[in-house]
Amino acid sequence: MNFKGANFNVAHPQLFDHSMEGIRKSLSTPDHFFCSDNIITWNRNLSFLQNKSFMECVQRNSNTVVERAIMWRTYILCYFAKFAARLGGDFVEVGAYKGNTANIILEQSGLIGSGNSYYLYDAFEHTGKELNHAMPEHGAELYGKVRDRFARYDFVKVIKGYVPDSFQHGFPERIAFAHVDLNQAPAEVGALKRIIPALLPGGVIVLDDYGWWGYHEQKEAEDPLFAEHGLEVLELPTGQGIVLNHP
């Protein structure tokens, strides 16, 4: 039960790989070793790798090395999305990019057929002037590709524009689940100022970048905002932050 995927901020890949293999060979349980997405761990059950439904869904939807590398993050998203789907509110994805994560959440959460909507927000293009960095598939065609990807679901709303200004084109009144991944502080704070008041009791917010040092400005800007609402962020080893709106 091993998994080796992409890691980030590695300056010397060959040295890194050599060191990881040395660690693995030194273990008494070398067949339970995980190294991906800047997580190195062993002697864990790694239950998500044995979840047939989840793994098949990831394999269908994940077409890049990075998308496969972050599957532990994606598993956590699916767990909380499945929990939140019972609350009767809408889902929000702020920073949808290609819609890969949203598509997996959609299939795994039970949202299909629930009568609730899924709002996907993104600029889908990058001019070079934004605070966040460009992604490989940002461009004029991405918005159309994402709309086509979800065209069979009339409850999925794909909204183009800069957050939070784009919320004027559609925003839910009752939110059960929100995934926030904009890679920059001002837009995320602006989004959270709208999301938090609409979050249902028992609702969940997942912050993709909260625990990553490279995005520490987001944590520093968001902690006071959550505190104003009596909420606290749980930082996970995956780099995500979890916020539960206690009933």
Side-chain angles (χ1 to χ4, degrees), residues 5-6 8 36-37 53-78 80-82 84-85 90-114 116-172 175-184 187-188 190-191 194-195 206-209 215 240:
F8 312 106
S36 187
D37 197 19
S53 172
F54 171 74
M55 291 302 296
E56 288 178 349
C57 187
V58 168
Q59 289 165 3
R60 282 197 309 273
N61 291 285
S62 300
N63 301 314
T64 70
V65 171
V66 172
E67 288 168 353
R68 290 188 291 273
I70 65 172
M71 69 169 70
W72 204 331
R73 284 193 241 178
T74 307
Y75 181 69
I76 289 169
L77 282 167
C78 291
F80 284 104
K82 189 180 296 185
D90 295 326
F91 278 32
V92 169
E93 178 96 8
V94 183
Y97 188 40
K98 297 190 303 179
N100 178 70
T101 300
N103 207 46
I104 296 173
I105 290 172
L106 191 62
E107 292 187 24
Q108 291 287 297
S109 66
L111 191 67
I112 298 173
S114 69
N116 298 309
S117 296
Y118 200 165
Y119 290 79
L120 309 182
Y121 302 93
D122 206 294
F124 298 107
E125 298 185 48
H126 199 281
T127 66
K129 298 179 181 179
E130 293 85 353
L131 293 177
N132 59 326
H133 55 79
M135 301 292 283
E137 296 199 34
H138 275 142
E141 298 180 354
L142 183 56
Y143 173 59
K145 289 180 179 179
V146 176
R147 288 194 65 182
D148 291 344
R149 184 172 193 170
F150 294 98
R152 66 187 183 277
Y153 302 118
D154 59 2
F155 62 91
V156 177
K157 321 294 183 183
V158 183
I159 299 175
K160 181 179 180 180
Y162 291 112
V163 172
D165 294 342
S166 60
F167 288 168
Q168 65 182 313
H169 302 299
F171 191 81
I175 297 174
F177 177 85
H179 180 214
V180 181
D181 183 13
L182 292 174
N183 300 343
Q184 55 134 313
E188 286 203 358
R194 291 287 304 276
I195 291 170
V206 182
L207 307 166
D208 186 69
D209 310 316
Y215 299 113
Q240 295 162 300

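Shown here for Ala178 and Ile195, the closest heavy-atom pair between the two residues is CB-CG2, 3.8 Å. Annotation for Leu120 and Ala102: closest pair CD2-CB, 3.7 Å, computed over non-hydrogen atoms. Of all heavy-atom pairs between Ser36 and Gly5, the closest is OG-CA, 3.4 Å. The heavy-atom pair separating Cys78 from Phe54 by the smallest distance is SG-CE1, 4.1 Å. Nearest heavy-atom pair, Ser109 versus Ala85, reported as atom, atom and distance to 0.1 Å: O-CB, 3.5 Å.
For residues 53-67, the salt bridge (Lys or Arg N to Asp or Glu O under 4.0 Å) pairs, not counting sequence neighbours, are Arg60-Glu107, Glu67-Lys98.
Taking CZ from Arg194 and CD1 from Ile175, the interatomic distance works out to 8.5 Å, rounded to the nearest 0.5 Å. Taking NE2 of His179 as the start and CG of Leu207 as the end, the distance is 8.5 Å to the nearest 0.5 Å. The CG atom of Asp208 sits 10.0 Å away from atom CG of Leu182, with the distance rounded to the nearest 0.5 Å. Separating the CZ atom in Phe150 from the NZ atom in Lys157 is a distance of 13.5 Å, to the nearest 0.5 Å. Here the CE-CD1 distance, from Met71 to Ile76, works out to 13.0 Å after rounding to the nearest 0.5 Å. To the nearest 0.5 Å, atoms CG (Leu111) and CD1 (Ile105) are separated by 10.0 Å.
Residues Ser62 and Ile70 form no side-chain contact, since every pair of their non-hydrogen atoms from C-beta on lies 4.5 Å or further apart. In this structure, the side chains of Asn116 and Phe91 stay at 4.5 Å or more apart for every pair of heavy atoms. Side-chain contact between Lys160 and Glu125: present, with at least one pair of heavy atoms (C-beta onward) separated by less than 4.5 Å. Annotation: side chain of Leu77 is not in contact with side chain of Ile104 (no heavy-atom distance under 4.5 Å). In this structure, Asp122 and Val146 have side chains that are not in contact, with every pair of non-hydrogen atoms separated by 4.5 Å or more. In this structure, the side chains of Phe8 and Val66 come closer than 4.5 Å at one or more pairs of heavy atoms. By the 4.5 Å heavy-atom criterion applied to side chains, Arg68 and Val65 are counted as neighbours. Contact of the Asp37 side chain with the Trp72 side chain is not registered, since no non-hydrogen atoms from C-beta on lie closer than 4.5 Å.
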Inset, instruction - Let me see the working for Gln184 and Asp209 under side-chain contact (heavy atoms from CB on, under 4.5 Å), right down to the final yes or no. - result: CA-CA 9 Å; Gln184 55 134 313; Asp209 310 316; over 6 Å; no
Legend entry - Asn183 and Asp181: CA distance, side-chain angles, deciding distance, side-chain contact (heavy atoms from CB on, under 4.5 Å) verdict: CA-CA 6 Å; Asn183 300 343; Asp181 183 13; 3.1 Å; yes
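Residue Asp90 is tested with Phe177, Phe171, Tyr119 for a side-chain contact (heavy atoms from CB on, under 4.5 Å); the sole match is Tyr119.
Distance alone, capped at 3.5 Å, is enough to place a donor-acceptor pair between the Asn61 side chain and the Cys57 backbone. No side-chain donor-acceptor contact under 3.5 Å links Gln240 to the backbone of Val206.
Judged as a ring-ring contact (aromatic ring centres under 6.0 Å, His included), and not counting sequence neighbours, the contacts of Tyr153 are Phe155.
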